[in-house]
Amino acid sequence: MITAEHFRRIAYWSRDLEHGEFERARAGIIEKTYQRGAYICHRGDEMEHWTGLVSGLVKVSTASLSGKSVSLAGMRACGWFGEGSVLKGEARQYDLVALRDTRLALMNRATFLWLFDNSVAFNRFLVWQLNARLGQFIALVEYDRSLEGKARLARTIAWLFHPTLYPDAGAKLDITQEEIGLLSGLSRQVTNKSVAELQDEKLIEADRESITVRDLDALRRYGE
DNA sequence: TCATTAAGCGTTG
DNA sequence: CAACGCTTAATGA
């Protein structure tokens, strides 16, 4: 079983739980590692766990009818996902791919449902998170078709710095250009050029293996 | 034809 | 050694 300290670190929402809830949640979690490039799950898999990202980077994608993979979102450490499938007892709607070596925390469904039935703090977290995601996906649907590469990249970066989804995250994220490209669904060339331009526009600062956000608001609405 | 990208490779930190 | 950025050849709209 994971330690209480570790649990608090990987799941900031656990800090709001009452003691009994906290212990129950902690007991229902195990961890698992995935190698870079590995599929965590495929669309259609049964989802018996609610999942937290301990370390690493995960891409949420789906295959189009023609078989081409379409990237939907990226997840960074401390993100928790899959509550939709777990709640409904439904199959996963998307593919999850580890873009680098990744460690996941898996909460079994019974524990999740118990928290859902018993913990006010837990439900508060779920509502906040669902609401944050909903807003972003609406923005995505509204603009994505017309967005060129640079704007898609800007929004992907904004995702990864969402204050509700990642409250403890600073302004800096360790990520390579190739990885952001994969998350945004862009080639390395376009990614490289877009990163340079966003940097010129003073929205981000790009170093080797990291990105620092300077203007999150502007990134979020880029291309509108 | 023109634009885009995957692949290869030299450079750099 | 891996990330970066450039060149090139293939692809396809």
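The chains referred to below are lettered A, B, ... by the order of the sequence lines, with proteins before strands, and numbering in each begins at 1. Just so it is clear, the structure is predicted and the values come from calculations on it, not from any experiment.
- Looking only at side-chain heavy atoms (C-beta outward), A:Ile29 and A:Leu106 stay at 4.5 Å or farther from each other.
- For A:Arg24 and A:Trp114, the positive end sits near the middle of the six-membered ring, less than 6.0 Å away and at most 45° from its axis.
- Atom pair A:Glu209:CD and C:dA2:C1' shows a separation of 7 Å (rounding to whole Å applied).
- For A:Gln189 and B:dC2, the CD to C1' distance is 16 Å, given to the nearest whole Å.
- Rounded to an integer number of Å, the gap from CD of A:Glu179 to P of C:dA3 is 7 Å.
- Going from atom CG of A:Leu173 over to atom P of C:dA3 covers 14 Å, rounded to whole Å.
- One interatomic measurement links the two molecules: CZ of A:Arg188 to C1' of C:dC6, which rounds to 10 Å at whole-angstrom precision.
- Summarising the geometry, the separation between CG on A:Asn192 and P on B:dT4 is reported as 15 Å, rounded to the nearest angstrom.
- Straight-line distance from the CG atom of A:Leu186 to the P atom of B:dA3: 19 Å, rounded to whole Å.
- The pair A:Glu21-A:Arg26 does not meet the salt-bridge criterion, since no charged nitrogen lies less than 4.0 angstrom from a carboxylate oxygen.
- Between A:Glu179 and A:Arg76 there is no salt bridge, since no side-chain nitrogen of the basic residue lies less than 4.0 Å from a carboxylate oxygen of the acidic one.
- Across all strands, A:Gln177 comes closer than 4.0 Å only to sugar-phosphate atoms, never to a base (heavy-atom distances).
- In this structure, A:Arg208 atom CZ and B:dT11 atom C1' are separated by 10 Å, rounded to whole Å.
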